[in-house]
2 protein chains.
Amino acid sequence: MAQPSRKIAAKRQPNRPRIAPPANARHGRAIRAPRATSAVLVYESLHNEIIALRIEPGAGLSENDLANRYGVSRTPVREALLRLADEGLVEIVPKSGTTVSRIPYAQLNEAIVIRKALEELAVREASRRATKSQITGLWSLVERQREAAKADDRSGFHAADEAFHAAIAEAAGYPGIWHLVNQVKVQVDRIRHLTLPEGGRMLRVTKEHAAVLTALEKRDGERAVAAMRSHLDGLENSLPEIRRRNPDLFVDQVGVFVLPGPAGRKTRSQ
Amino acid sequence: MAQPSRKIAAKRQPNRPRIAPPANARHGRAIRAPRATSAVLVYESLHNEIIALRIEPGAGLSENDLANRYGVSRTPVREALLRLADEGLVEIVPKSGTTVSRIPYAQLNEAIVIRKALEELAVREASRRATKSQITGLWSLVERQREAAKADDRSGFHAADEAFHAAIAEAAGYPGIWHLVNQVKVQVDRIRHLTLPEGGRMLRVTKEHAAVLTALEKRDGERAVAAMRSHLDGLENSLPEIRRRNPDLFVDQVGVFVLPGPAGRKTRSQ
DNA sequence: CAGGCACATCTTGCATACAAGATATGGAAA
DNA sequence: TTTCCATATCTTGTATGCAAGATGTGCCTG
């Protein structure tokens, strides 16, 4: 491949956009205003399927198969897979194949610790800077969440949960924190569906949010941080039990052999 | 686009890799063991050019031009640009064009604050968990940095600087922190070359690292955190002056019009 | 029966052609 | 002169074909 022959600058380029693109990409991958292209649709579909564990960790993905399945060509499928690989949800081996990543168990604890650090920063700052209207909005989110919990609407509950955390970051003046948290918690999200429907969990989480918000409203930053911390401790403790129940979904260390023969447990999807 | 007709799982797929891919993707984009493909080479080249401001913020990039310049087809160029767009270094407007992002000034402070939170977490934990050999390795990095500073080797100095921070995260047992920090500080890196060669800066930074490490070695976590914090405060204060000297490189808010006519200052590259 | 090697067949990486939309340009009309 | 519109030409998005490597299969050889 040739090196660029000269400094890149500006021969006349007649078709240059005059409007700065929408404020999507903040710190990185993040939201990216859906361009509604086939590639984005495929990406979102695969992302959801993988996060929801509807595609089994370790399963093979073929660009051709996916292209047929979605009725598009390999090009947008490939674009989607490359983004998923950057997120760590699939693993591409150059001339060989692409598989859905197993959940890297060692990263789960790390992800939770990092998330706590980021969200504590957010809630501390939000306690100082949140406006009255932002606090009102947060209360309405808590209320919406309570309603979803009572109606046993898990999907709506989860949506309100995410909106709450995003709004905290927004109120802190650091909206990028929520984007980062979203990146960090990708693998953690995959085990969300594995938590047993422990009775009253949703109402408990709602109360924890309310506790955070009560402290925040009183501008008691440290108490808000503590409440957020204990809120986020919830999942961490249940990790070992979840793994015990679903051993095949996890992997200890990436880069090791997966024993395929009769000696090892058959871990490949088929 | 058709929806996938049935649950994705496992018709027989003869060519499935048996070796788990190398442990590249940790939390996200991150390192990704260089696949030495054309797309990666183009990506790395463009990434470096943009970070070093050798390509002007606001300049237009055409896939065709880049393909010619690098002597490859549009396909790998496109793959590189998509990754850069996810990182926030370029902005793609669908059927119109691609430009190098201007530096979003508002995000710089946020990035620095987030970085501080992450690195404080890392150094606190490293103070507890670092092994003797890790501490020895850190001292050698400080020494290497001191040598580069004395030799006025800015590039070597910067490499050692980054290695030091990465090693702290490693010693903390949270290597993913460094990957996150790398993502967060992308835009900040772009103004690194704009700092005036304030005399003795490199030696001062080296001393700050030594202070962090001295506290860490004594297992005095809080003092190490404080040292790291003041270390990272350095750049934050110089932001306004840097912007004052290079107003065209920055943008306040994304999503606004860029006045192209004679009424406004001509901000496009050509 | 065991080991090894050639080959068929899959995989991803890249090049190229086409499609559809956005912008700039130039001329026509007021 | 100013405004508007048709159009040429650029842009990115997608489809498709080819290339090169990797893996599984089965025959061949010992």
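Each chain gets a letter, A, B and so on, in the order its sequence line appears, and its residues count up from 1.
Checked against salt bridge (charged side-chain N to carboxylate O under 4.0 Å, His left out), B/Asp153 has no partners two or more places apart in sequence or in another chain. By the side chain to side chain donor-acceptor pair (under 3.5 Å) test, A/Asn64 pairs with no residue at all, sequence neighbours left out.
Distances shown here put every side-chain N or O of A/Thr37 at or beyond 4.0 Å from the OP1 or OP2 atom of D/dG13.
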Pairs under 3.5 angstrom, nitrogen or oxygen only, protein versus nucleotides 16-18 of chain C, please.
residue: C/dT16; atom: O4; partner: B/Thr75; partner atom: OG1; Å: 3.4

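The interatomic distance linking B/Asp65 (CG) with D/dT11 (C1') rounds to 11 Å, in whole Å. Taking atom CG of A/Asn64 as the reference point, atom P of C/dT9 lies 15 Å away to the nearest angstrom. Separating the CD atom of B/Glu63 from the P atom of C/dC14 is a distance of 15 Å, rounded to the nearest angstrom. Rounded to whole angstrom, the span from the CG atom of B/Leu66 across to the C1' atom of C/dA15 amounts to 16 Å. Rounded to a whole Å, the CD atom of B/Glu79 is 15 Å from the P atom of D/dT14. Per the geometry, CG belonging to A/Leu82 stands 7 Å off P belonging to C/dG13, to the nearest Å. When rounded to the nearest whole Å, the span between CD of A/Glu91 and P of C/dT12 equals 14 Å. Rounded to an integer number of Å, the gap from B/Tyr70 OH to C/dA15 P is 14 Å.
Rounded to the nearest 0.5 Å, atoms CG (A/Leu89) and CD1 (A/Ile103) are 10.0 Å apart. Interatomic distance, B/Leu108 CG to B/Arg190 CZ, rounded to the nearest 0.5 Å: 9.5 Å. Atom CG in B/Asn246 sits 9.5 Å away from atom CD in B/Glu241 (nearest 0.5 Å).
Nearest to the side-chain atoms of B/Ser38 among the listed nucleotides C/dT11, C/dC14, D/dA15 stands C/dC14. Nearest to the side-chain atoms of B/Lys95 among the listed nucleotides C/dG21, D/dT14, C/dC14 stands C/dG21.
Side-chain contact between B/Pro175 and A/Glu110 is present, with at least one heavy-atom pair separated by less than 4.5 Å.
Residues B/Pro94 and A/Pro76 each lie close to DNA chain D; by heavy-atom proximity, the contact nearer the 5' end of the strand is made by B/Pro94.
Using bins of under 30°, 30° to 60° and over 60° for the plane-to-plane angle, the ring pair A/Trp178/A/His165 lands in the parallel bin.
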